[in-house]
Amino acid sequence: MANKDQKNKPVDKKKVGIIAGIVAVALVIGLAIGGIFKPAPAPQPTPAPTPAPAPVKPVEPEEHTCTGTFKHGEIYDITVEGPTGDMNFDTTNAEFIYGSQGVLTVGDTVTVTYTVDKDNKNVAERVVVDNEVPIVCTEKGIVSDLHDKEVVVVSEKDTNKFAKDDKTVIEGNLSVGDEVEVTYNYSQDENFYATKIKVTSENKDPRQQVCIGTVNEVKDNVVKVAINKNVAYSFKLTAATKVTGKSDKIAAGQSVAITYMGHPEESPEAISVEITALPAPKPTP
C-alpha cells in the first residue's frame, strides 16, 4: 500500500524546476571549465627557407701562347708565323712590350699571350718582343769629332754620336772634317751603333776643325758660338766664309757647325758655317 501511495503522490513541480536549474547550471559550468582547460593545439613546425641558388661563376677563357716571327700588321691586328703556320691576332686591347728600338719590326721574334673568343677569333692580351731585327739607317754629314769608340757627325738636320768598334767597317781614311755616310742600327734611346762609315769626301786640309754649338750673337763680322753653358768661342766672318744649311744668314739662336783652322781660343777665321737648325719661333702673345 505504501508503494502505491507513493506512485499516486502528486509531483512537486517546484522541486523539479529547482533540480533542472541546478543541472543546467552544472552543465554550463562544465562546458566552461572544459573550454578553459582545453589543451592548446600543438605548434606547427616552421618550414625551412628555400636556399638561394648558388651564383654562377663566369668561365675564365683559357690563355694560350704563341712564339714566332712577326710577318706584318695593321692598326688592330698582327700576323705571326708560329710553329703551326701563320696565326692572326686581334690586338685592339693588347699590351705591347718592346725592346730597345721601341717598335715592332718585320722579322722580330715575338711571344703572344692570347685567348680564343666565342667566334673562334684569337684575341691577344700581350705581345712581347723577344728578339729584335736591327733597323738599319743611314746618315750623311761632316765628322766633327773622332775617338776610338765614337764618331760625331754633323748633318743638315742635327748632330749625332755613333758608337764604333773593331767590327765597324771603315771605308777610306777617316778624319775630322771628312764628309761621310754612316750606316747604323737605330735605337730608341739614341745609342746608335755604326756598322759602316764611308768617307765620301776627304778633308783636304787635316788642320781644319769643326766647332758645333749655338749662335749667341753676330756682331762686326764676328759670330760667337756657345759650346755649352760655360764655354763660347768667337769666329771671324770673311768674304770667303761659306754659309750653307737652313739659311743663308747667320743669326742668334741658330745651331751651327763651323769649320775653321787654328785654335778656337784665338778667334780664327770661319772657313764655312753650316746652319743645321733654326731657332724655335717665339710664341704669339
Side-chain angles (χ1 to χ4, degrees), residues 135-147 150-164 170-184 186-188 190-192 194 196-285:
I135 300 176
V136 180
C137 305
T138 59
E139 183 83 6
K140 294 181 180 180
I142 299 173
V143 177
S144 64
D145 202 2
L146 182 62
H147 302 281
E150 183 182 74
V151 58
V152 181
V153 176
V154 180
S155 68
E156 292 184 357
K157 296 180 180 180
D158 50 21
T159 300
N160 285 314
K161 295 180 179 180
F162 301 95
K164 66 183 186 70
I170 308 293
E171 293 186 2
N173 186 18
L174 184 63
S175 63
V176 172
D178 288 347
E179 293 184 13
V180 295
E181 180 178 276
V182 182
T183 303
Y184 64 98
Y186 174 81
S187 174
Q188 188 181 26
E190 296 188 355
N191 290 325
F192 304 144
K196 178 180 176 181
I197 302 175
K198 180 180 180 180
V199 178
T200 57
S201 178
E202 292 186 359
N203 180 8
K204 297 179 180 179
D205 191 337
R207 295 174 298 171
Q208 290 185 3
Q209 304 293 322
V210 178
C211 175
I212 300 170
T214 303
V215 176
N216 276 354
E217 65 176 358
V218 182
K219 185 178 180 181
D220 298 332
N221 290 326
V222 175
V223 57
K224 189 174 183 180
V225 177
I227 306 303
N228 52 47
K229 293 181 179 180
N230 301 317
V231 179
Y233 297 125
S234 295
F235 300 91
K236 297 173 184 176
L237 301 175
T238 68
T241 301
K242 184 180 179 182
V243 179
T244 60
K246 300 288 185 179
S247 176
D248 58 358
K249 293 183 179 180
I250 305 170
Q254 295 173 342
S255 297
V256 296
I258 297 181
T259 304
Y260 64 97
M261 293 178 59
H263 299 283
E265 295 87 354
E266 299 176 355
S267 300
E269 292 183 358
I271 299 172
S272 66
V273 178
E274 182 177 1
I275 300 171
T276 58
L278 302 176
K282 295 181 180 180
T284 304

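What you see is a predicted model, and the numbers here were worked out from it, not measured in a lab.
The OG1 atom of T214 sits 12.0 Å away from atom NZ of K229, with the distance rounded to the nearest 0.5 Å.
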Extract all donor-acceptor atom pairs below 3.5 Å that involve side chains of residues 218-226 and protein atoms in other chains or at least two apart in sequence.
none

Donor-acceptor list for residues 233-247 side chains, cut-off 3.5 Å, not counting sequence neighbours:
residue: T238; atom: OG1; partner: A240; partner atom: N; Å: 3.2
residue: T238; atom: OG1; partner: T241; partner atom: N; Å: 3.4
residue: T238; atom: OG1; partner: T241; partner atom: OG1; Å: 3.3
residue: T241; atom: OG1; partner: T238; partner atom: N; Å: 3.0
residue: T241; atom: OG1; partner: T238; partner atom: O; Å: 3.4
residue: T241; atom: OG1; partner: A270; partner atom: O; Å: 2.7
residue: S247; atom: OG; partner: K249; partner atom: N; Å: 3.1
residue: S247; atom: OG; partner: K249; partner atom: O; Å: 3.3

message = Pair V199, N173 - check side chain to side chain contact (heavy atoms under 4.5 Å, CB included), show working.
response = CA-CA 7 Å; V199 178; N173 186 18; over 6 Å; no
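Of all the heavy atoms in S175 and L146, the pair that sits closest is CA-CD2, 4.0 Å. Residues P279 and A252 share a closest heavy-atom pair of CG-O, 3.9 Å. Across all non-hydrogen atoms, the minimal contact from V176 to S144 is CG1-O, 3.9 Å. The two residues V180 and T200 make their nearest non-hydrogen contact at N-OG1, 3.8 Å.
Every residue two or more places apart in sequence or in another chain was checked for a salt bridge (charged side-chain N to carboxylate O under 4.0 Å, His left out) with E150, and none qualifies. Every residue two or more places apart in sequence or in another chain that forms a side-chain contact (heavy atoms from CB on, under 4.5 Å) with I142 is listed here: E179, V210, E274. By the salt bridge (charged side-chain N to carboxylate O under 4.0 Å, His left out) test, E171 pairs with K196, sequence neighbours left out. Here I135 pairs with Q101, V103, T105, C137, Y186 under the side-chain contact (heavy atoms from CB on, under 4.5 Å) rule; sequence neighbours left out.
No donor-acceptor distance shorter than 3.5 angstrom exists from the side chain of N160 to the backbone of V153, with no hydrogens or angles considered. Of the possible polar contacts, none joining the D178 side chain to the V143 backbone as a donor-acceptor pair under 3.5 Å is found.
Residue pairs that meet the side chain to side chain donor-acceptor pair (under 3.5 Å) test with at least one member in residues 251-263, sequence neighbours left out, are T259-S272.
Considering only heavy atoms from C-beta on, F192 stays 4.5 Å or farther from E139 through its side chain.
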